Every structure is written in structure tokens, then in C-alpha cells.
Amino acid sequence: MKVVILAGGLGTRISEESQFKPKPMIEIGEKPILWHIMKSYSYYGFDEFVICAGYKQYVIKEWFADYFLHNSDVTFDFSNGKNDMTIHNHHCEPWKVTVVDTGLNTMTGGRIKRIQPYIGNESFLMTYGDGVCDVNIAELVEFHRKHGKVATLTAVMLEQQKGVLDIGGDNAVKSFREKNQTDVAPINAGYMVLNPEIFEYIEGDATVFEREPLEKLAQKGELMSYMHWGFWQCMDNKREKDMLEKLLATNKAPWKKWEE
């Protein structure tokens, strides 16, 4: 099962760094938050990724192009007037990464639609490139397989400006709407599992995935929620970035299960 990560937005609310790189490439603990997200999936055995790039997409491509070299022991030999390079031990994950330029101004639904050729007729995982979480992805996938609906999203209880979910007793999402001022309700934290039928709900580049597609799925009873009561945090601004940095610096980062 492939993992699709949305990594093409402008990240205007953390412009201190996003003017130089895409938000998913902003580092926490000397690694892009994108890397942390991928490590979380890799911990559960999901090692094939499709990155939906856009804004400064070349930065993501160049980072992965150099990743093997930067994580290997290397001998450079110029003694014979040549530039010979020998790779010794390497410390890379067994990842297969496809980076797709999904356009500069494409909306979230449009980005997902554009990577359909790389997914084919298979279910896939999908999340956003700016949030870390300690959700049990293996249990999330099993939950999705059991209920048989088109889509599952991970829901968390947080008071933030995210899409609010009305969840029934059977975990079905009854409606999907924007947050009101007084809401303390389950919100969409990403970390989704989607069947290939999801592409039928997306019209094109202008489609915002969190609006028409998710709203239609909810109306049809095809959108389920996996309640997560553990850690989840997005990185929308410098304050949140600093908080994640502090968790890493003090060895209290709940999402780093690969070091347990």
C-alpha cells in the first residue's frame, strides 16, 4: 500500500522559513518534518511514497537526490586524475519515493487527482506534509478494511481551526464542516486510508479535498473516522515548530516510535 503525502502548499503562516523551502521541508531536529512523517509510516512497514509537490518542488527532489550520499560512508579518490567515488556503509531507509509536481496553485483534491496514475486501482494511505502523530497505522488500516467504506480519516479532539466532524455512534462521519468559534469537537487530523473510488469524487485542480469530496462521502455514509486519543500536532507556525523542536530535544517526541 502506497503512502501519498500532500507537500505542495505555500505555508504562508510560517513564512519565516517557507519563503526558502516548502513547509514539509522545514526541519525539526535537523530533519524535514516530511522525513519524520515518512519514518512514522515506515515503522509500520509502509515504505513506498508518492509526494504531491508544488511550491518549490525542486527542493524536495534535490533533498532526496542527495539523501543516499548524505547518509553513506564515502571514499572520494582523485589520485588518478579522476573523480572516483566508493560507497561503503549506508544508513538509508528502504524507501521508494516518487515526487510528482502537482502544480503551484492546485488545490488539495486536485493534487490527489493528479497522482492517480501512480496509484492505479489500489487503496492507499494519505496525509498532510505538516503534521506528526503517534497513531497506530496498522490498526488504522485494519479498521478501514473491516468497515468496507471508501474513506477513513483519523479524528482527534483538539480546539483548532480545522474541519469539524459530526461522528455517529457507529464511527460514521455524518457531516463535515468548518469550525465555529465555540467548537471543541473531533477534527480531521489527516492520516487517511482511501479506496481508489476516491478519484471519482474529485473533479480537477480546483477541487478542495476537504470540502466537496469529503462532504459527499459523509452524505453517502462512505466516510468513517478512526478516533485517535494520542498525540497529534501540525506545524502551522513558528510557535508550533518550536514546540516540536523542544519535544525532540528533550527525547519526549511521541511520534518517534522507531526509536522505542
Side-chain angles (χ1 to χ4, degrees), residues 3-43 49 51-57 59-60 63 107-108 111 125-137 140 153-165 176-192 208-211 214 225-260:
V3 182
V4 173
I5 303 178
L6 297 181
L10 297 176
T12 53
R13 283 182 288 181
I14 191 167
S15 59
E16 299 93 340
E17 293 195 47
S18 63
Q19 60 179 311
F20 304 111
K21 62 182 73 171
K23 186 163 69 164
M25 298 305 293
I26 295 174
E27 294 183 356
I28 53 173
E30 299 184 344
K31 294 285 189 182
I33 192 171
L34 177 63
W35 178 89
H36 288 265
I37 296 166
M38 294 170 70
K39 286 285 286 187
S40 295
Y41 281 101
S42 188
Y43 175 80
F49 301 90
I51 311 298
C52 299
Y55 172 68
K56 294 188 182 295
Q57 48 86 26
V59 175
I60 300 175
W63 192 87
M107 297 293 102
T108 48
R111 295 190 190 282
L125 297 151
M126 193 282 284
T127 196
Y128 304 98
D130 61 357
V132 286
C133 184
D134 65 352
V135 64
N136 187 314
I137 295 170
L140 168 65
L153 56 77
T154 296
V156 296
M157 297 293 291
L158 274 182
E159 186 177 356
Q160 293 203 15
Q161 297 293 330
K162 305 294 179 184
V164 173
L165 312 174
F176 188 97
R177 62 174 173 80
E178 291 303 306
K179 182 183 181 297
N180 292 328
Q181 196 70 26
T182 58
D183 278 327
V184 179
I187 67 166
N188 171 24
Y191 289 84
M192 302 182 187
V208 177
F209 185 67
E210 298 76 17
R211 293 180 184 170
L214 290 189
S225 65
Y226 178 83
M227 288 301 304
H228 176 59
W229 301 101
F231 178 86
W232 173 84
Q233 181 61 54
C234 63
M235 188 184 68
D236 274 343
N237 52 52
K238 189 176 184 301
R239 178 186 61 81
E240 292 169 346
K241 176 185 183 299
D242 292 343
M243 184 190 71
L244 294 174
E245 288 274 18
K246 184 176 180 180
L247 288 172
L248 286 165
T250 56
N251 294 317
K252 296 179 180 178
W255 68 92
K256 291 188 69 175
K257 291 188 175 184
W258 59 88
E259 289 192 355
E260 292 179 354

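Quick caveat, the model's predicted, so the values are computed rather than measured.
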For [X] against [Y], the heavy-atom pair lying closest together:
| X | Y | answer |
| --- | --- | --- |
| Ala253 | Leu248 | CB-CD2, 3.8 Å |
| Gly29 | Glu245 | N-OE1, 3.0 Å |
| Pro254 | Asp134 | O-CB, 3.5 Å |
| Asp236 | Glu240 | N-OE1, 2.6 Å |
| Ala7 | Ile60 | O-CD1, 3.9 Å |

Within-4.5 Å side-chain heavy-atom neighbours: [X] and [Y]:
| X | Y | result |
| --- | --- | --- |
| Leu125 | Val4 | no |
| Gln57 | Ile51 | no |
| Leu247 | Phe231 | yes |
| Met227 | Met157 | yes |

Quick one: does [X]'s side chain have a donor or acceptor within less than 3.5 Å of a partner on [Y]'s backbone?
| X | Y | value |
| --- | --- | --- |
| Ser42 | Met38 | no |
| Ser225 | Ala155 | no |
| Arg111 | Gly8 | yes |
| Trp232 | Ala189 | yes |
| His36 | Ile28 | yes |

Distance (rounded to the nearest 0.5 Å) between [X] [atom1] and [Y] [atom2]:
| X | Y | atom1 | atom2 | answer |
| --- | --- | --- | --- | --- |
| Lys252 | Lys246 | NZ | NZ | 8.0 Å |
| Lys31 | Lys39 | NZ | NZ | 8.5 Å |
| His228 | Leu140 | NE2 | CG | 10.5 Å |
| Lys241 | Gln233 | NZ | CD | 13.5 Å |

Query - Sole residue of Trp35, Trp255, Tyr191 in ring-ring contact (aromatic ring centres under 6.0 Å, His included) with Tyr41 - result: Tyr191
**Report entry** Test side-chain contact (heavy atoms from CB on, under 4.5 Å) applied to Tyr43 - qualifying residues, sequence neighbours left out
**Finding:** Lys257, Trp258, Glu260
Report task. Show your working on salt bridge (Lys or Arg N to Asp or Glu O under 4.0 Å) between Lys238 and Asp242 and close with a plain yes or no. Result -> CA-CA 6 Å; Lys238 189 176 184 301; Asp242 292 343; 3.0 Å; yes
Report task. Determine, stepwise, if the pair Ile26 / Lys23 fulfils side chain to side chain contact (heavy atoms under 4.5 Å, CB included). Result -> CA-CA 5 Å; Ile26 295 174; Lys23 186 163 69 164; 4.0 Å; yes
Requested in this report: Applying side chain to side chain contact (heavy atoms under 4.5 Å, CB included), run through Leu6 and Phe209 and close with a yes or a no.
Outcome: CA-CA 11 Å; Leu6 297 181; Phe209 185 67; 5.9 Å; no
Requested in this report: Go through the steps to decide whether Phe49 and Ile37 satisfy the test side chain to side chain contact (heavy atoms under 4.5 Å, CB included), and finish with yes or no.
Outcome: CA-CA 11 Å; Phe49 301 90; Ile37 296 166; over 6 Å; no
Requested in this report: Show the numbers, then the answer: is there a side chain to side chain contact (heavy atoms under 4.5 Å, CB included) between Val59 and Trp63?
Outcome: CA-CA 6 Å; Val59 175; Trp63 192 87; 5.6 Å; no
